[in-house]
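Encoded as structure tokens, the structure appears first; notes follow it.
Keep in mind that what you see is a predicted model, and the values were worked out from it rather than measured.
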Amino acid sequence: MSDSEPGAPAIAFVNLRDAPAADAQPRMEVHSWRSIRAPAGTLHLVTLRDLTEERGTVRVTSAITAVDKEAGIVTTSSGRQYALMRPAEEREFERDLLQGGAVRLGLGDAVDVSVLAWDQVEIG
């Protein structure tokens, strides 16, 4: 959990090994996300889920292996699919959580490529 200020939500930072198995959770709808390029060149999603006044979860996916531009679906090396329901997160508080989550989860040298990623996706 995060070291949050009084009244701020407690945020769990979860790496990909803590996610349910891809066969148990094959597809996720993602409403709050940013895309990052790791120093090794791999692309990942950083997602924010279940944000309430009390808590939320930031997760970094395994490497992106495929993008279905027409459907707006990203597939990662785990086999899980992420349906991008909206453009990359722009709200300041949520964006800061996502960017801070990437740092906290070991991707501090990653580069945010969210605008480029969204340009590659076509929804409906």
Side-chain angles (χ1 to χ4, degrees):
M1 289 293 182
S2 68
D3 302 323
S4 57
E5 298 176 17
I11 304 298
F13 297 94
V14 183
N15 69 22
L16 60 103
R17 289 172 297 282
D18 292 325
D23 58 348
Q25 189 183 54
R27 182 176 287 182
M28 294 179 58
E29 287 187 355
V30 179
H31 297 271
S32 183
W33 62 276
R34 299 291 293 180
S35 179
I36 58 172
R37 181 180 306 278
T42 55
L43 292 173
H44 302 263
L45 288 179
V46 183
T47 66
L48 176 60
R49 297 178 30 100
D50 307 322
L51 183 63
T52 67
E53 290 183 16
E54 293 82 32
R55 68 171 127 175
T57 301
V58 173
R59 180 179 289 158
V60 175
T61 69
S62 56
I64 294 171
T65 58
V67 176
D68 181 336
K69 290 173 29 174
E70 292 178 10
I73 296 176
V74 173
T75 303
T76 63
S77 61
S78 71
R80 182 172 288 116
Q81 295 182 329
Y82 295 85
L84 304 179
M85 305 307 291
R86 53 179 290 207
E89 186 62 70
E90 288 297 330
R91 295 173 291 186
E92 184 177 3
F93 178 75
E94 288 83 349
R95 189 184 67 235
D96 289 349
L97 284 175
L98 291 164
Q99 291 170 340
V103 170
R104 190 165 182 154
L105 293 168
L107 292 171
D109 293 333
V111 176
D112 189 310
V113 294
S114 300
V115 173
L116 174 64
W118 186 252
D119 288 346
Q120 301 300 312
V121 175
E122 298 171 12
I123 301 293

One should read off an interatomic distance between Leu97 CG and Glu92 CD, to the nearest 0.5 angstrom, of 11.0 Å
Would you compute the distance between atom CG of Leu45 and atom OG1 of Thr61 and round it to the nearest 0.5 angstrom? 4.5 Å
Side chain to side chain contact (heavy atoms under 4.5 Å, CB included) filter on Leu43, not counting sequence neighbours, yields Arg37, Ile64, Val113
Distance-minimising heavy-atom pair for Ser114 and Ala88: CB-CB, 3.5 Å
List the atom of Ala38, the atom of Ala110, and the distance in Å for their closest heavy-atom pair. CA-CB, 4.2 Å
I'd like to know if the side chain of Ser62 and the backbone of Ser78 have a donor-acceptor N/O pair within less than 3.5 Å. yes
Distance col, row Thr65:OG1 vs Gln81:CD, nearest 0.5 angstrom, shows 9.0 Å
Roughly how far apart are Leu84 CG and Met28 CE, rounded to 0.5 Å? 11.0 Å
Could you tell me whether the side chain of Glu89 reaches within less than 4.5 Å of the side chain of Val46, counting heavy atoms only? no
Find the distance between OH (Tyr82) and CZ (Arg59) and round it off to the nearest 0.5 Å. 6.5 Å
Those residues that, when tested against Gln99, pass side chain to side chain contact (heavy atoms under 4.5 Å, CB included) (two or more places apart): Arg34, Arg95, Asp96, Asp112
Thr47 and its side-chain contact (heavy atoms from CB on, under 4.5 Å) partner, picked from Val30, Val60, Val58: Val30
Shared ILVMFWY cluster between Val111 and Trp33, side chains joined below 4.5 angstrom? yes
Taking every non-hydrogen atom, the tightest pair across Leu98 and Ser32: CD1-OG, 3.9 Å
